[in-house]
Amino acid sequence: MEEKVLLHRKNGMLVLILTTILYLGAVAGCIFGGMMLGDGYSPALLVVSIIWLCIGWIPYCGLRILKPQEALVLTLFGKYTGTLKNEGFYFVNPFSSSVNPAADTHLHQSGDVDNGNTAAKSALSLAFNMSKADGSGTGSSSKKISLKIMTLNNNRQKINDCLGNPVEIGIAVMWRVVDTAKAVFNVDNYKEYLSLQCDTALRNIVRIYPYDVAPNVDTTGDGIADEGSLRGSSEIVAARIRDEIQERVREAGLEVIEARITYLAYAPEIAAVMLQRQQASAVVDARKMIVDGAVGMVEMALDRLNEKGVVELDEERKAAMVSNLLVVLCGNRDAQPIVNSGSLY
């Protein structure tokens, strides 16, 4: 299905004025023809005026108004006739109907979010939309397709990463319709189709990465272990998700502009354990840094004492001094010194 844009239909104002003038002329013809009917004049004027009053409203059904970044897909007796894409006042075949299967679909996205009205109000709105579902006249507004950039905030999903750890992740996808014919006729509902493909692409990409950097994990597919992770490589992961979604929705006439990770965390059932693991890793790293620094300070102290010749220490006394210094430097609390006033030996 190829999109066919109707460019030379912006004569709605002319048709509106002419139809209105003819309607006024038909009213005047009915009055004048009725007055002249008894004087032997032909009733042709009266008959023509009455016929026009009965069918003259039909051209009004072919009037369409489009605002910037809106489109209207038209069909005539089931056949696709074209798409109106530019803003303006149009006149099309009055028997044409507009098609938008996703008009009443409500997802978590900009311009299309269910505002939580009451059930009665929702039912009234549904009945009103059904009454104008044929897409003629003013009812065509519900069938317009937005060409603006929209944001789909998909629901959070629980997915296992490459190590089998369950994580919760949510994404926001910026998208727009670029081919209205494909969007309407190639898929049943392009909004639901996009949402489903976002879920599928998200699962396919997330299962390739670990949550944190892990050894011996290949996330690029080149057979070499790397340091890719969901938490540390969010930009790369988002770009791969965007490419995956675009590949899947191309036949639906949609363009995915950008995808962003909006939420990322371990699943609640393992979140506490993983937090303890992260804390333990941080404590180990901190202790390692403290020990490395303490060993360097002890080494420097022994070298300075030996260089200055302050005191001569045998191996046993050096070991005791090293032990005391390490206890002082690596302890969690302040040291409580004990002063030895006696002999060193």
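Between Met150 atom CE and Leu194 atom CG the span is 10.0 Å, to the nearest 0.5 Å. In this structure, CD1 on Ile171 lies 5.0 Å from SG on Cys198, to the nearest 0.5 angstrom. Put simply, OG on Ser195 and CG on Asn155 are 7.0 Å apart, with the number rounded to the nearest 0.5 Å. Atom CG of Leu22 is separated from atom CG of Leu18 by 6.5 Å, given to the nearest 0.5 angstrom. Here OG1 of Thr200 is found 11.5 Å from CD1 of Ile205. Values are rounded to the nearest 0.5 Å. A distance of 9.5 Å separates CG of Asp218 from CD1 of Ile208, quoted to the nearest 0.5 Å.
Atom CG of Asp222 is surrounded by more than 12 heavy atoms from other residues, nucleotides or ligands within 6.0 Å. By the 6.0 Å contact criterion, CZ on Phe95 is open, its count of non-hydrogen atoms from other residues, nucleotides or ligands being 12 or less. Within 6.0 Å of atom CG in Leu147, more than 12 heavy atoms from other residues, nucleotides or ligands are found, so the atom counts as buried in its surroundings.
A salt bridge links Arg248 to Glu244: at least one charged side-chain nitrogen sits closer than 4.0 Å to a carboxylate oxygen. A salt bridge is defined here as a Lys NZ or Arg NE, NH1 or NH2 lying under 4.0 Å from an Asp or Glu carboxylate O, and Lys85 with Glu70 fails to meet this definition. Checked for salt-bridge contact, Arg260 and Glu235 meet the test: a charged N lies under 4.0 Å from a carboxylate O.
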Test log, rule salt bridge (Lys or Arg N to Asp or Glu O under 4.0 Å), inputs Glu247 and Arg242: CA-CA 9 Å; Glu247 184 66 25; Arg242 182 260 172 201; over 6 Å; no

Residues Arg203, Asp199; criterion side chain to side chain contact (heavy atoms under 4.5 Å, CB included); working and verdict: CA-CA 6 Å; Arg203 289 185 177 276; Asp199 294 343; 5.5 Å; no

Side chain to side chain contact (heavy atoms under 4.5 Å, CB included) between Leu66 and Lys144, intermediate numbers included: CA-CA 8 Å; Leu66 289 183; Lys144 292 178 182 177; 3.9 Å; yes

Derivation of the salt bridge (Lys or Arg N to Asp or Glu O under 4.0 Å) call for Glu255 and Arg176: CA-CA 6 Å; Glu255 178 188 5; Arg176 63 183 174 187; 3.0 Å; yes

Step-by-step side chain to side chain contact (heavy atoms under 4.5 Å, CB included) determination, Leu63 to Phe89: CA-CA 7 Å; Leu63 300 177; Phe89 193 10; 3.8 Å; yes

From CA spacing to verdict: side chain to side chain contact (heavy atoms under 4.5 Å, CB included), Cys30, Ile50: CA-CA 7 Å; Cys30 286; Ile50 293 175; 3.9 Å; yes

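If you chain together hydrophobic residues whose side chains sit under 4.5 Å apart, Val5 and Leu84 never meet in one group. Under the 4.5 Å side-chain heavy-atom criterion for grouping Ile, Leu, Val, Met, Phe, Trp and Tyr, Val15 is connected to Ile55 within one hydrophobic cluster. Clustering ILVMFWY residues whenever any of their side-chain heavy atoms sit less than 4.5 angstrom apart, transitively, puts Val178 in a cluster other than the one holding Leu6. Criterion: ILVMFWY side-chain heavy atoms under 4.5 Å apart, direct or through other members. Under it, Ile145 and Leu7 are not part of a common hydrophobic cluster. Note: the hydrophobic cluster containing Trp52 also contains Trp57 (ILVMFWY, side chain heavy atoms under 4.5 Å, direct or indirect links).
Of the N and O atoms on the side chains of Asn165 and Asn160, not one donor lies less than 3.5 Å from an acceptor on the other residue. Tyr209 and Arg240 share a side-chain donor-acceptor pair at under 3.5 Å. Between the side chains of Thr81 and Asn93, not a single donor N or O lies within less than 3.5 Å of an accepting N or O. A donor-acceptor contact closer than 3.5 angstrom is absent between the side chains of Ser98 and Asn100. Side chains of Thr20 and Tyr60: a donor-acceptor N/O pair is present below 3.5 angstrom, by distance only. A donor-acceptor contact closer than 3.5 angstrom links the side chains of Asp226 and Thr219.
With hydrogens and angles disregarded, a donor-acceptor distance shorter than 3.5 Å links the side chain of Tyr23 to the backbone of Leu53. Judged purely by atom type and a 3.5 angstrom limit, Tyr90 uses its side chain to pair as donor or acceptor with the backbone of Asn86. Ser229 places a side-chain N or O within donor-acceptor distance of the main-chain N or O of Gly232, the cut-off being under 3.5 Å. Although no hydrogens or angles enter the test, the distance criterion places a donor-acceptor pair under 3.5 Å between the side chain of Gln246 and the main chain of Leu254. Looking only at distances, a side-chain donor or acceptor of Asn186 sits under 3.5 Å from a matching main-chain atom of Glu251. Side chain of Ser234 to backbone of Leu230: no donor-acceptor contact under 3.5 angstrom is found. Remark: the backbone N or O of Thr180 is paired with a side-chain donor or acceptor of Glu3 at under 3.5 angstrom. A donor-acceptor contact shorter than 3.5 Å links the side chain of Asp161 to the backbone of Tyr211. Using a distance-only test at 3.5 Å, with no hydrogens or angles considered, a donor-acceptor pair links the side chain of Asp179 to the main chain of Lys182.
Annotation: side chain of Glu168 is in contact with side chain of Lys158 (closest heavy-atom distance under 4.5 Å). Inter-residue side-chain proximity for Thr151 and Val173 is flagged as unmet; no heavy-atom pair is nearer than 4.5 Å. Cys162 has its side chain within reach of Val217: a pair of non-hydrogen atoms, C-beta onward, lies under 4.5 Å apart. At least one side-chain heavy atom of Ile159 sits under 4.5 Å from a side-chain heavy atom of Leu202. The closest side-chain heavy-atom distance from Phe185 to Val73 is below 4.5 Å.
When all heavy atoms of Ala259 and Ala238 are compared, the pair lying nearest together is O-CB, 3.2 Å. Taking every heavy atom of both residues into account, Tyr80 and Lys4 meet most closely at OH-N, 3.0 Å. Pairing each heavy atom of Ser233 with each of Gly228, the nearest pair is OG-CA, 3.6 Å. Of all heavy-atom pairs spanning Ala102 and Asn189, the tightest one is CB-OD1, 3.2 Å.
When the ring-ring contact (aromatic ring centres under 6.0 Å, His included) test is applied to Tyr193, no partner is found at least two apart in sequence or on another chain.
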